[in-house]
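To start, the structure under review is shown below, and the notes come after it.
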Amino acid sequence: EAQVTQNPRYLITVTGKKLTVTCSQNMNHEYMSWYRQDPGLGLRQIYYSMNVEVTDKGDVPEGYKVSRKEKRNFPLILESPSPNQTSLYFCASSPDQETQYFGPGTRLLVL
Amino acid sequence: GENVEQHPSTLSVQEGDSAVIKCTYSDSASNYFPWYKQELGKGPQLIIDIRSNVGEKKDQRIAVTLNKTAKHFSLHITETQPEDSAVYFCAAVLSGYSTLTFGKGTMLLVSP
């Protein structure tokens, strides 16, 4: 089944404790992105990647890191999480930078 | 950069009624306009899209219209059903040159 998977689905952590949210797609898509969704703000892009080893900042990159060492994986790293990073996070992949295939989401709470 | 405004933020209709959600965009160069549906607890899913060389596109009960001059596009859902209840997002992009910019979303509630 073609899909984007994210892990974990739910995460509670404390301020400053490094965490990684994994994302994997099995559709051989070149493009991958991370979004955060907040009430009243919609979907905002954090980072995107156009191919292996090629990443770029989206609209809200502060406090986040990404890497793209393999085509299928695009982890999101929060080196020192803060409460304002409490959010619902979505990974997405795309064959053409247009149609986005979203994962199921990761709900993060930073205390 | 692109800015997408979406209205209304919430919309309640009775089953069988029509629903219309409107979006405006700022960058006249944008040429691809998708609509996504997000059901509770799930990621957004593409339901319909339109390109700038087309004025209207229809797929069963849903349709999208585009007015390039006014820089706005709309989602039309006819004969709404309770399973249409979800959050709907519009987006705009200049294909090949930028990434999608999303509207803030519309929560549609269809009452039986």
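Letters A, B, ... mirror the listed sequences (proteins, then strands); counts begin at 1. Bear in mind the structure is a predicted one, so any value in this text is a computation, not a measurement.
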Shared hydrophobic cluster for B:F102 and B:V93 (ILVMFWY, side-chain gaps under 4.5 Å)
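As far as the 4.5 Å side-chain criterion goes, B:V93 and B:F102 are connected within one cluster.
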Pull every donor-acceptor pair under 3.5 angstrom between chain A and chain B and give the atom names with distances.
residue, atom, partner, partner atom, Å
A:Q37, OE1, B:Q38, NE2, 3.0
A:Q37, NE2, B:Q38, OE1, 2.9
A:Q45, OE1, B:T99, OG1, 2.9
A:Q97, NE2, B:S98, O, 3.4
A:E98, OE1, B:R51, NH1, 3.2
A:E98, OE1, B:R51, NH2, 2.6
A:E98, OE2, B:R51, NH1, 3.0
A:E98, OE2, B:S95, OG, 2.2
A:Q100, N, B:Y36, OH, 2.7

Proximal component of B:P44, with respect to chain A [non-hydrogen, under 4.5 Å]:
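Backbone plus side chain of B:P44, per the 4.5 Å heavy-atom cut-off to chain A.
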Heavy-atom side-chain proximity of A:I77 to A:L19 below 4.5 angstrom:
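They are not in side-chain contact.
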Run B:C90 and B:I21 through side-chain contact (heavy atoms from CB on, under 4.5 Å) and show every step you take.
CA-CA 9 Å; B:C90 63; B:I21 302 170; over 6 Å; no
Short N-O contact, A:K65 and A:E79, less than 4.0 angstrom:
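Yes, this pair counts.
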Other residues, nucleotides, ligands: >12 heavy atoms within 6.0 Å of B:M107 CE
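No.
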Within 6.0 angstrom of B:L109 CG, more than 12 heavy atoms from elsewhere
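Yes, the 6.0 Å shell around CG holds more than 12 heavy atoms from other groups.
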